[in-house]
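What follows is one structure encoded as C-alpha cells, with my remarks underneath.
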Amino acid sequence: MIVELGHFALILAFCVAVCQAIVPLLGAWRRHYGWMSVGRSAALVQFPLVAFAMAALMYAYIVSDFSVINVIQNSHTDKPLLYKITGVWGNHEGSMLLWVFMLALCGGAVALFSGNLPPALQARVLSVQGMIGVGFLAFILLTSNPFLRAVMPPENGNGLNPILQDPGLAFHPPFLYLGYVGFSVSFAFAVAALIDGRVDAAWARWVRPWALASWCALTVGIAMGSWWAYYTLGWGGWWFWDPVENASFMPWLAGTALIHSAIVVEKRDALKSWTILLAIITFSLSLVGTFLVRSGVLTSVHAFAVDPSRGMFILLLLVASIGGSLTLYAVRAPSLQSGGLFAPVSREGALVLNNLLLATGAATVLLGTLYPLFIDVIGGDKLTVGPPFFNKTFVPLMVPVLAAVAAGPLLAWKRGDLLGALQRLWLAFAAAILVAVAGLYLTSGGPVLAILGLGLAAWTALGALVEWAERIKLFRVKPGDSWKRAVHLPRAAHGMTLAHLGLAISVAGIAATAFEREQLSVVRIGDSIQLAEFTVTLDKVERQPGPNFVADDATVTVRRNGVIEAVMHPQRRFFELQQQTTTETAIRTSLLADLYIALGEPDQNGGWTIRAYWKPLISWIWFGALVMAFGGMVSLSDRRWRVGVAARARMNAKLQAAAGD
Amino acid sequence: MLRKVAYLLPVLVFAALAAYFALGLRPDRDPHLLPSALIDKPSPDFTLPELNGDGKLSLAGLHGQVVVVNFFASWCVPCRVEHPLLMRLAEQEHIALYGIAYKDNVQDTRRILTQLGDPYRSIGVDRDGRTGFDYGVYGVPETYVIDKNGRIRKRFVGPLAADAVNNELLPLLQELNKS
Amino acid sequence: MKRFAAALLLALSFAGGASAVEPTERLSDPALESRARAISQGLRCLVCQNESIDESGADLAHDVRVLLRERIAAGDSDDKATAFIVSRYGDFVLLNPPVKPATYVLWFGPPALLVIAMGGLILGRRRRAAAQEVPLSADERQALARLMQESEQ
C-alpha cells in the first residue's frame, strides 16, 4: 500500500511540476501576479510529494518488501539496516529518485528563501526548475520506475554489491547529487535572465549564493567519492580519470569558474553574457554526466545497468534543456549590455584568466572523456584515453591557475599593479623556494615535478595568507586593531582565504603522492616487513563472522625503533551471497602521513599477502577539499547576501553610472 | 556579424555533441567489443597438445584450408550458449571448426564435451592461456576465421549468434573458400 | 567504487579473484621490476575498463603482467616490451594514446583552444576599447574616486 502511495505521490509531483513549469511563466509574461505566485506554491507542494515517494521506497527497503522489483534486485534480509537504507540509491532507479528529490529540495528552497526577488524573476526561475522536474519525473515514471511490483515475489532478494556496502554510500551520492542538481538553480536564473533580457549586479548577487552552495556540496561529494575509492580499493588509488569521475569533475571546474565570474558581474557589471553561459554550461555538464553514466555509451568502472531506451530519453532531455537554453542564449545574449572596462592587469583580468584556464580545463576533460566515443562512432580504431593524457594536458593548465590564485586577490579592480602585488608576495615566494629546496634536499633530488607542486602549494597558501594579513593590517597596526579589522572583514573575504588555503592543501597532498612507499610481500604469521622507518609485523589472522559476510581479520603491529606505533586490523571479507571478496583496509591517518595496510590472499604455506603503504600528506587531499567547502560556507554566511542587498545594488548602479560615461 | 556568430557557437557545439551521442546510442554499438589488432595479419603460430590423442594441433597443420578457430572453456557460461550453434555449423555446414581449450582443466573440458557433444575437428589444450594471449583473446568465447594463407580475417567476440553466423560468418567462409 | 560491476555486464567469461600486482609475480631484480611496474601502469586491463593492469585484480591482467615481466627479464627495452603487448591487443591497451593523425584533435585540441580563446579575448578587448574609450572629466574622476572609496568600506 505504502509503495502504491509513493508511486502515486510521484505521479502527483509530476502533475504539480507541469503546473509549476507553465503557470508562473505565463504569469510573468501577462504580468499576472496571481499566476506568478503559483510557482512558489507548486514548488512548496512538490518537495513533500517527492520526499514522500523517497520515504516510501526507503520503507520498502527497510521492511524488505520483496514484491517490489527494485528491492528484489538490490536488497536482502541479511543486509545491515544502514545498507538497506543507503541501498535505495545504490541503483539506477533509486538514484534517479534521489536526483529528483534534490531537485525538489532546491525548488522548495528557492521558493522559501527568495522572497526578496522581483516576482517576475522568481516566477521564471521556478518555472525553469519546474520544466527540469517535468522532464526527469517523466523519465523516472516512464523508464525507471522504482515502484514496480513483481508478479511472483521471491523468498529473498539478490542483495547489494558488497563494494557498495560501505558507509561511503550513505554520504557520497547525496552530496554529489545535491551539487549536480543545485546548479539547476543558477541555470534557472540564467534562463530567466535571458527571457527577461536583463542581467545586473543584483542578479549576480542572487545567483551567487546558490552557485556557491552547490559548489560546496559538489566539492564535498567528489572528495568523499575519492576518499571512498582510496580506502576500499586495497592499494590506495584515489582518482582514475574515469569517465564517471570526469562527469563530476567537469561541472566542478565550470562551477568554480562560475562562482568567480559572478563576482565580476556583481562588482563590476562586466562579463555578463559569459557568466550566463557558464551558468548554463555548468548544469549542462551535470546533465551530460548523468547521460554518460546511465546510457552506456562509454565504458566505465562505475556502471549502472545499461538500457538504450533510457539513454535516448535522457538525450532528448539534454536536447530540450541544453539545446533550448543555448538557443535562447544565441538569440538574447548579444543584446546584453557589456559593462565596465578594465585593464588586463586588474582583479577582473585575473578572474578572466582564472575563467579562461578553468574553462579550457573543463573542455580538455570533456574532450578526453568523449574522444574514444568520437573515434569509435566515426569508425576509427578503438582507443583509450587514460590518466597519462590528463596528466599531460590538464595538469599544466592548472599550474598558471595556482600561480594566479596568490596574486589575483592582491590586484585592484579596474587597473592593478602586478609588480606591487608581486612585491607584497615576497614572503610567499620565499616560502615556495624554501619548500622546494627542502624537498630537493630531503629526497636527494627526488621527483622534480612533485617538488615543484609542493612549492606551488606553498606559494598559493602563503599568498592567500598574505592577502588576508594585508586586509587586517597584521603587524602593521596594533594586534587589537588587527583583530577588530578581522572581525569586521566581510565573511566572504574570510571564505575566499579559506577556500584558497584549502586548494593549496589539496595540491600539496596530490603532489606528495609521488613520495609514497610501497611494500608488497607474502608474510607468515610472526614475520615482519620493513616499510620506510616502520617495522610491520603480522601477529595473527583470525576468522570472524559478520552480519552477511565472513572476515579474515589480521592483527598487524607497526613499530618504529622498537616502539609500538599502531596495531591495525586489515580484513578480507567474503560475501557468501554474491560469492565476492572485498578488502577492508586498515589506515592509520596522521597529519603527516597515512599508514595503509591491506590484507591479500593467503598462500598454501600459511603466508598472507600484505600490501603496506606509507603515504605522506595523502589525507591533505580530502582535508583540503573540506577546507575549500568550509570556506564556501563561510562565504555563504556573509550577511551581505541577506540584508542590504537592494541598497547595495542601488549603489553599484550609481557607481556604474559614474564609471560608464 | 562575427559577434552574432560567436554567440551561436555554444549551441552549434552542443548540436554536434548531441549528434555524436545519438550515434553512440545505436543499439548495434557495444562499447565493450574490441576489434582484433591482428585482422589481415598472419595469425600467430602455435603448437598445442591435442585433447584427444597424443598428437599436436598446430597452425602449420591447418595451412591451405579456411578454418574457424574457437577459444572456449568449460568454466565459461556464455560458451554453452553458442554450443548448439557450433554443433550445427560442424554437422550441417561442414565447416573446418577447431577448438582451443583456454585455461581449462583437461578433465573438465572432456566432461563438458561428452555432455554437450564435440563439434571440433581437433582441440588444442592451451593450459596457461599463452596462445590465447598471442591471439589477443580477452575473454571466452572468441572465434577467429583464418584463411588459406594463414591470415586472420575476422574475429567474433562473445557467443556466436545466429544472425552473425548467417550474415557474416558463412558468407565470409564461402568467399574465402572460392579464392 | 563499483569497479568490478562493468565486467559483470559483459556476455563473456573472465576468471578473477586476486587484486592488483601480486608478490609472486615480481622480478627479483628491483631495477627490472620498477621498469615493469612503470610500463604496466600505462597498460589498460582489457576486461575491467579504465583500470591499468597494475591496479587490476582480473586474471587477464595477471597474465599480461607476468608476460610483460618475461619480456623485460629477457632483455627487451621498454618500447619493445610495450610493442609486444600492443601487437596483440592494439593501441587500445595504451592508457596514453599515441600521437597519430587520429589523435591530433585530442592532443592539440586543448592548447589550440587556449590560444584561440586568448586571441578572441584580445580581439574583443581591442574592439570594445576602441568603441568605448572616452576619457573621464576631472569632475567625473573625483566623483568616481569618492564612490569607490565608499563602496570599499
Side-chain angles (χ1 to χ4, degrees), chain A residues 243 273-274 276-278 280-281 284 287-288 291-292 295-300 303 306-336 338 363 366-367 370-384, chain B residues 1-41 73-78 103 105 133 135-139 142 144 152-159 161 163-164 167-168:
Chain A
S273 67
W274 167 245
I276 292 274
L277 183 61
L278 261 184
I280 294 174
I281 286 177
S284 301
L287 290 177
V288 167
F291 171 76
L292 292 181
S295 65
V297 293
L298 291 175
T299 58
S300 156
V306 169
D307 178 344
S309 70
R310 285 176 186 165
M312 214 41 190
F313 201 118
I314 305 183
L315 184 57
L316 290 176
L317 289 179
L318 294 198
V319 170
S321 55
I322 306 178
S325 55
L326 289 179
T327 308
L328 188 64
Y329 176 81
V331 176
R332 300 303 286 269
S335 61
L336 291 176
S338 62
L366 185 70
L367 185 67
L370 294 181
Y371 207 75
L373 172 69
F374 290 160
I375 291 297
D376 190 23
V377 164
I378 61 172
D381 286 344
K382 291 247 183 185
L383 56 84
T384 300
Chain B
M1 186 55 219
L2 194 71
R3 237 172 75 99
K4 282 260 162 77
V5 174
Y7 285 104
L8 265 175
L9 212 58
V11 73
L12 294 180
V13 170
F14 172 72
L17 208 62
Y20 269 116
F21 285 160
L23 287 173
L25 279 176
R26 278 174 320 179
D28 55 327
R29 198 188 79 91
D30 181 346
H32 296 283
L33 293 188
L34 302 178
S36 170
L38 294 170
I39 297 292
D40 294 333
K41 300 215 171 97
S74 66
W75 47 263
C76 146
V77 180
K103 294 191 153 188
N105 189 311
F133 172 74
Y135 275 77
V137 169
Y138 66 97
E142 279 187 23
Y144 292 80
I152 293 181
R153 302 303 288 263
K154 176 100 188 143
R155 163 163 85 167
F156 296 89
V157 174
D163 271 11
N167 301 332
E168 293 177 63

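Chain identifiers are assigned alphabetically (A, B, ...) following the order of the sequence lines, protein sequences preceding nucleic acid strands; residue numbering begins at 1 within each chain. Note that these values count all heavy atoms, side chains included, but never hydrogens, waters or copies made by symmetry. Fair warning: this is a prediction, and the values are worked out from it, not measured in the lab.
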task: Check side-chain hydrogen bond (donor to acceptor under 3.5 Å, both in side chains) between A:Ser321 and all other residues, then give those that pass, not counting sequence neighbours.
output: none
- request: Would you give the length of the straight line joining atom CZ of B:Phe14 to atom OG1 of A:Thr327, rounded to the nearest 0.5 angstrom?
  value: 9.0 Å
query: Which atoms of A:Val288 come close to chain B, meaning under 4.5 Å heavy atom to heavy atom: side chain ones, backbone ones, both, or neither?
result: side chain
field: Partners passing salt bridge (Lys or Arg N to Asp or Glu O under 4.0 Å) against B:Asp163 (at least two apart in sequence or in another chain)
entry: none
message: At a 4.5 Å cut-off on heavy atoms, which part of A:Ser325 comes close to chain B: side chain, backbone, both, or neither?
response: neither
task: Using non-hydrogen atoms and a 4.5 Å limit, figure out which bit of B:Ala22 sits close to chain A: side chain, backbone, both or neither.
output: both
Atom group of B:Leu17 that falls short of 4.5 Å from chain A, counting heavy atoms: side chain
- prompt: Under the criterion side chain to side chain contact (heavy atoms under 4.5 Å, CB included), which of A:Asp376, A:Ile378, A:Leu370 is the partner of B:Tyr20?
  reply: A:Ile378
statement: Honestly, the part of A:Leu315 sitting under 4.5 Å from a heavy atom of chain B is side chain
query: At their closest point, which heavy atom of B:Val11 faces which heavy atom of A:Gly323, and how far apart are they?
result: CG2-O, 3.9 Å
message: Using every non-hydrogen atom in the two residues, find where A:Val319 and B:Ala18 come nearest and quote the distance to one decimal.
response: CG2-CB, 4.2 Å
task: Could you give me the CA-CA distance, side-chain angles and deciding distance for B:Phe21 and A:Leu373, then say whether side-chain contact (heavy atoms from CB on, under 4.5 Å) is met?
output: CA-CA 8 Å; B:Phe21 285 160; A:Leu373 172 69; 3.9 Å; yes
message: Please report the interatomic distance CG(B:Leu9) to OH(A:Tyr329), rounded to the nearest 0.5 Å.
response: 10.0 Å
- request: Might you point out which heavy atoms bring A:Ala330 and B:Leu8 nearest each other, and give the distance in Å?
  value: CB-CD2, 3.7 Å
task: Against chain B, label A:Ile280 side chain, backbone, both or neither, depending on which of its atoms sit under 4.5 Å from a heavy atom there.
output: neither
